[in-house]
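Here is the structure we will look at, set down as C-alpha cells.
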Amino acid sequence: MVNTCQSCESCEGGHENYCSKIIFTYNSHDRDGTVTYGGYSDMVVVNERFVIRFPDGMPLDRGAPLLCAGITVYNPMKHHGLNEAGKHIGVVGLGGLGHVAVKFAKAFGMRVTVISTSPGKREEAMETLGADAFVVSGDANQMKAAKGTMDGIMNTASASMSMYAYLALLKPQGKMILLGLPEKPLQISAFSLVTGGKTLAGSCMGSIRDTQEMMDFAAKHGLAADIELIGTEEVNEAMERLAKGEVRYRFVIDIGNTLNAASLGSSPVPAL
C-alpha cells in the first residue's frame, strides 16, 4: 500500500492495512487520479508514512518480496500468538507465501510441518527450508498421524478445498489463518470448529509499523525470500512460468539496471 485515508478507526488504531480507502501499490487510483504501477515503475512518489527502511545488509532483490509475502505471514503469526518458540505450526502450500512462512516460523523457534499436495516438495521443504516434518495432504494415513498436533496453521493455498481434514490437524483451540484467495467458496464444517473451540481467521498484509518490525527481524536472522531475478525483457516468459507454478519462489524484476542497459544499447546486468 502507498496511502490510506489516515483518519478512520483502522488507520488511527495502527491497522491501516484494513482501511476501506486503501491505495494499493499497483492497480489502484491514487488521490490525484493517477494509476499506481508498483514494481513496474522506474520512480514512485509516496507519503512518508508509507516508506519502509531497508536494514543494513538486507539485499534489495531478495528483500523486496518480504514487503508483501513477508508481512503477509509475519503479521498473523504475531497477532494470533503463533510466534512462540516450541509451538507447532503447519504451513499449507509451499509457494511464495509458504516458503517465507516456514523461514519465519523456524526463526521464531517453532516446530514446522509443511502440508502439500505435491510429494516431490518433501526434500525441498525439509532439506532446503528446514521444516521439521512434511505431510502429503492426499495421503489419508499421513493426515491421520498428524491429527490434533498443531497449535496453528498458515493456509497459503489458493485452491478451493474442504477445510475439514485441515482443521482436524489442529489441537483444541487451535487457529487456522487463511492467506490464500481461492476463487470458489471454501467448504467448512461448523461442527469441526465448534467441538474443538477452533478459530478460522483471515489476514491481509500488515501495518507499516509491523512491516518495519518484520524487515528488522528478517535482517537480524538473515532471512530473505528465495527468488529468480529477471530483466524487463523476460516479463512475458515469467508470467507464463508463473501460471505453470514454475518459479522458486518469487520473480523479481530488475527494473533499474535493465531499463538503463536498454537505453544504452548494452546487455542487461542482472544485479541490484
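Atoms CG and CG, on Asp216 and Asp56 in that order, are 10.0 Å from each other to the nearest 0.5 Å. Note that CG of Asp226 is 11.5 Å distant from CZ of Arg250, once rounded to the nearest 0.5 Å. Of the inter-residue distances, the one linking Phe108 atom CZ with Ile89 atom CD1 reads 9.0 Å to the nearest 0.5 angstrom. The CE atom of Met205 lies 5.0 Å from the CZ atom of Phe24; values are rounded to the nearest 0.5 Å. Taken to the nearest 0.5 Å, the CD1 atom of Ile230 stands 5.0 Å off from the CD1 atom of Ile253. Asp254 CG to Thr232 OG1: the interatomic distance, rounded to the nearest 0.5 Å, is 8.5 Å.
Across Leu179 and Thr156, no two heavy atoms sit closer than the pair CD1-CG2, 4.2 Å. For the pair Asn155 and Ala157, the tightest heavy-atom approach, listed with the atom from each and the gap, is OD1-N, 3.2 Å. Listed here is the closest heavy atom pair of Ala225 and Leu66: N-CD2, 4.2 Å. The two residues Lys184 and Ser160 come nearest to each other via the heavy atoms CB-OG, 3.1 Å. Of all heavy-atom pairs spanning Asn47 and Arg49, the tightest one is OD1-N, 2.8 Å. For Met77 against Ala101, the heavy-atom pair with the smallest separation is CE-O, 3.4 Å.
Panel note: side chain Gln142, backbone Val136; a donor-acceptor pair is recorded below 3.5 Å. Judged by distance alone, with hydrogens and angles left aside, the side-chain atoms of Arg111 form no donor-acceptor pair with the main-chain N or O of Lys106 at under 3.5 Å. At least one donor-acceptor pair under 3.5 Å links the side chain of Arg241 to the backbone N or O of Glu246. Counting only distance, with no hydrogens or angles, the side chain of His99 and the backbone of Gly95 share a donor-acceptor pair below 3.5 Å. Not a single donor-acceptor pair under 3.5 Å links the side chain of Thr128 to the backbone N or O of Ala125. Without hydrogens or angle criteria, Lys175 side chain to Lys198 main chain gives no donor-acceptor distance under 3.5 Å. In this structure, Thr34 contributes its side chain and Asp30 its backbone to no donor-acceptor pair below 3.5 Å. No donor-acceptor pair under 3.5 Å is formed between the side chain of Glu237 and the backbone N or O of Glu234. Judged purely by atom type and a 3.5 angstrom limit, Ser116 uses its side chain to pair as donor or acceptor with the backbone of Ser118. At distances below 3.5 Å, at least one donor-acceptor pair connects side-chain atoms of Asp151 with backbone N or O atoms of His88.
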Please list, one pair per line, the donor and acceptor atoms closer than 3.5 Å that link side chains of residues 7-17 to other protein atoms, with sequence neighbours excluded.
residue, atom, partner, partner atom, Å
Glu16, OE2, Ile208, N, 2.7
Asn17, OD1, Ser207, N, 3.4
Asn17, ND2, Cys204, O, 2.9

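For the salt bridge (Lys or Arg N to Asp or Glu O under 4.0 Å) with Glu213, the lone residue among Lys78, Lys220, Arg53 that qualifies is Lys78.
When the shell of 6.0 Å around CG of Asp32 is examined, it contains more than 12 heavy atoms from other residues, nucleotides or ligands. For NE2 of His80, the number of neighbouring non-hydrogen atoms (other residues, nucleotides, ligands) closer than 6.0 Å is greater than 12.
One hydrophobic cluster, built from ILVMFWY side chains closer than 4.5 Å, cannot hold both Tyr18 and Ile22; they sit in different ones. Tyr26 and Val44 fall into different hydrophobic clusters, defined by Ile, Leu, Val, Met, Phe, Trp and Tyr side-chain heavy atoms under 4.5 Å apart, directly or through other members. Taken together through direct or relayed side-chain contacts under 4.5 Å among Ile, Leu, Val, Met, Phe, Trp and Tyr, Tyr164 and Ile177 form parts of separate hydrophobic clusters. Tracing side-chain contacts under 4.5 Å through hydrophobic residues (I, L, V, M, F, W, Y), one reaches Met239 starting from Phe251; they form part of the same cluster.
Residues Glu240 and Asn236 bring no donor and acceptor atom of their side chains to less than 3.5 Å of each other.
Taking the side-chain hydrogen bond (donor to acceptor under 3.5 Å, both in side chains) definition, one finds that Asn3 meets it with Gln6, sequence neighbours left out.
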Intermediate values then yes/no, salt bridge (Lys or Arg N to Asp or Glu O under 4.0 Å), Asp139 and Lys144: CA-CA 9 Å; Asp139 188 315; Lys144 182 178 180 181; over 6 Å; no

Working for salt bridge (Lys or Arg N to Asp or Glu O under 4.0 Å), residues Glu84 and Lys87: CA-CA 6 Å; Glu84 298 177 15; Lys87 283 193 172 182; 3.7 Å; yes

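Under a 4.5 Å side-chain heavy-atom criterion applied to ILVMFWY residues, the cluster that includes Leu178 comprises Val92, Ile115, Val135, Met143, Met150, Ile153, Met161, Met163, Tyr166, Leu167, Leu169, Leu170, Met176, Leu186, Ile188, Leu193, Leu200 as well.
Aromatic rings from Tyr74 and Phe104 are positioned such that their centres are separated by under 6.0 Å.
Here the side chains of Ile227 and Tyr249 are not in contact, with every heavy-atom distance at 4.5 Å or above.
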